[in-house]
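Report on the following structure.
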Amino acid sequence: MTLTLYKGQAMTLFLENARIIDPEAGTITPGNVILHDGQIAALGAGSPPKGAQIMECGGACLAPGIIDWGVKVGEPGERHRESFRSIGLAAAAGGVTTLIARPDTSPAIDTPEVLEFVTRRAAEACPVRIRHMAALTKARAGREMTEIGFLLDAGAIAFTDADHVTTDTKVLARALTYARSLNALVIGHPQEPGLSRGAAATSGKFASLRGIPAVHPMAERIGLDRDLGLIEMTGARYHADQITTARSLPALERAKKNGLDVTAGVSIHHLTLNEFDVGDYRTFFKLTPPLRAEDDRLAMIEAVASGLIDVIGSFHTPADEESKRLPFEDAASGAVGVETLLPAALRLVHAGQLDLPQLFRALSLNPARRLGLPQGRMAEGAPADLVLFNPDTPHVLDRFTLRSKSKNTPFDGARMEGKVMATFVAGRQVYGKAD
Amino acid sequence: MFRARHLLGIEHLSPQEIVTVLDLADRYVDLNRRTVKQSDALAGLTQINMFFENSTRTQASFELAGKRLGADVMNMSVAQSSVKKGETLIDTAMTLNAMHPDLLVVRHGSSGAVNLLASKVNCAVLNAGDGRHEHPTQALLDALTIRRAKGRIQRLSIAICGDIAHSRVARSNLILLGKMENRIRLIAPPTLMPAGVGEFGCELFDDMRKGLEGADVVMMLRLQKERMDGGFIPSEREYYHRYGLDAEKLSHAKPDAIVMHPGPMNRGVEIDGDLADDINRSVIQEQVEMGVAVRMACMDLLARNLRADRGMKAAGVMA
């Protein structure tokens, strides 16, 4: 497949014979779609309008483009790991139309100046939409809050210290209170750092056998309980970046029932892999939080199906070979994922655990709603950010074919089903065959 | 029968392979007791000892084992050298590999580091201890000591006692003794008992006297203060009171139970000094002796496989 960019072309596109996935209505309907002027102009239309370019979809699935919440880009500071250009190409190839970038760069995105810099760089280089989260505290150090107001004005979409937990509860309480007054969304990383310090695996038989320092899954629950207590106290809007253990779910459910403004996400890796995948110290499976037990994985899938967990993301974390070719304890944590997010997520569909509309509710609709973006919907007038894919195409993943600068995927050599055929951003094709 | 290419852990050995090592080691024990302790099993081969963690006993044991078998032995004290200059483990391994060693003996502070190294070099790698993962030659020498003292290495009741959480010796022993179908009892304060260890098919005790009830073998472990990052026990004197082996606690085990310790010992912390020196109960000195013989056996077997492997490759080139 070749990548074709129709920059600046205001054209009409007629997508013929697609299976249209509507995550809002929960339906899959065969039909045609007209894209015009960057928007979905008509759904289910019979014939192409005059002058429209026609694309025959051959019964492939058409869904709202994925909004990947929590992606790390290496700019500024680690451009050799990932640039805005490479992440954009990877996203387009993965059916991701909006990237929500993390602020755990070097330096952190904690001032309006840095935010303006990355926004400008992204606009120059990235073929898909990208929005930036800003740090909640200066240098993500957990001591002083950032200029939340200025950062909002400069376009920050949410506030987070990524995987740094603000241990000083008073600092976090003040930041939440201040964020509340500006209606800013704060993202937490539920984890009790006192318990998880130095851990590289989930405690249990496997970690003990391998002799890897491990953390009990309760560390996540304790972190979540604290954060939820502070949300009840301050009334701030809160999103837990990753919920990965069954023990956290009752607390989350209770908070939602009590009317707290709380949502939660989970990484695709915690939905498709478990602790045993680490095998003989395979560092590409070292993640934060670490991979969990199979029971936890199944509980997370159920929580996504029921809507208790709102969002699935890739938590794309590029790491170069050097930082992974180390003993397990010393190796860098994290995996790349934007390009494998959809095929990996389709495993859940093929296993009968989720249906396609449920999947795209978690991949597209819910993150858009939570972040206040107009995307994520399959409706007339909505932005024409779409992904066209065949859910059944089998392929074996070769990590060196990934467009990301870093190749640290846990799916290297894995058999996957489902391939992106084309990606559209604002009605323009950013990936796929030129015809 | 011994097929392994590397000795990375007991996990990869079959019971037959373990017996093969022990049988050969028995013969080397005899050799080591002679005045002329020479064999040419490793003649012409190069053995490099690479210890990323400081070690006196294990390194000396491996060095002696190699020399008695006629290998050219080199000690690299990596703990103080290039690693401190920022070289990665793999670069160090590749550098060594270019010098064409035949046997590489490695100790490293991180679990799995020796596996990683073994995947990058083309010689036989022996794990001399990696993090808190495995220490296979220690488990094999313990097995040989037990077999010589008890006449068998099956159907024994064996108590392993002390800092199990931080101990690679405990893990390797647990796997080996389990493979040989023994009854294993782990005794430790709950803070030093690793998670999920009950699923390995052993009994867990936090009361030492109950745990020692009827044991044939009592294995004590060193309290690994250097691996502890926070208070696992309130104090050494309380630990000694509750988990230190003395004559009174030992009286709960079988009257002919033997006492083992992988060394180095903290006298008065995990074991009573007099008991450690009691030649009727303690086999700690025998363990050291068996260590050299077991390491000779392991290197001999690996060298045979290495030669066979290279022979096959050479034949393949010619054919």
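Each chain gets a letter, A, B and so on, in the order the sequences are listed, and its residues count up from 1.
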Say you draw a straight line from CD1 of A:I212 to CZ of B:R132; how long is it, rounded to the nearest 0.5 Å? 10.0 Å
Looking only at heavy atoms, the pair that brings B:E199 and A:K205 closest together is OE1-CD, 3.5 Å
Please check if the side chain of B:R171 supplies one atom and the backbone of A:S208 the other of a donor-acceptor pair under 3.5 Å. yes
Within the supplied structure, the quantity of interest is the number of heavy atoms (other residues, nucleotides, ligands) at a distance under 6.0 Å from B:Q154 CD; does it exceed 12? yes
Taking a cut-off of under 4.5 angstrom between non-hydrogen atoms, the residues of residues 276-297 of chain A near chain B are A:D280, A:Y281
Just wondering, are more than 12 heavy atoms of other shown residues or ligands nearer than 6.0 Å to CD in A:E302? no
Mind checking the OG-CZ spacing from B:S111 to A:F328? Nearest 0.5 Å is all I need. 10.5 Å
About how many Å separate CG of B:L174 and CG of A:L209, when rounded to the nearest 0.5 Å? 8.5 Å
B:I175 versus chain A, the contacting section by heavy-atom distance below 4.5 Å: side chain
Of B:L89, B:I90, B:T88, B:L117, the one forming a side-chain contact (heavy atoms from CB on, under 4.5 Å) with A:P327 is B:L89
Sort B:E11 into side chain, backbone, both or neither according to what part of it lies under 4.5 angstrom from a heavy atom of chain A. side chain
In this structure, CD of A:E329 is separated from CG of B:D130 (nearest 0.5 Å) by 9.5 Å
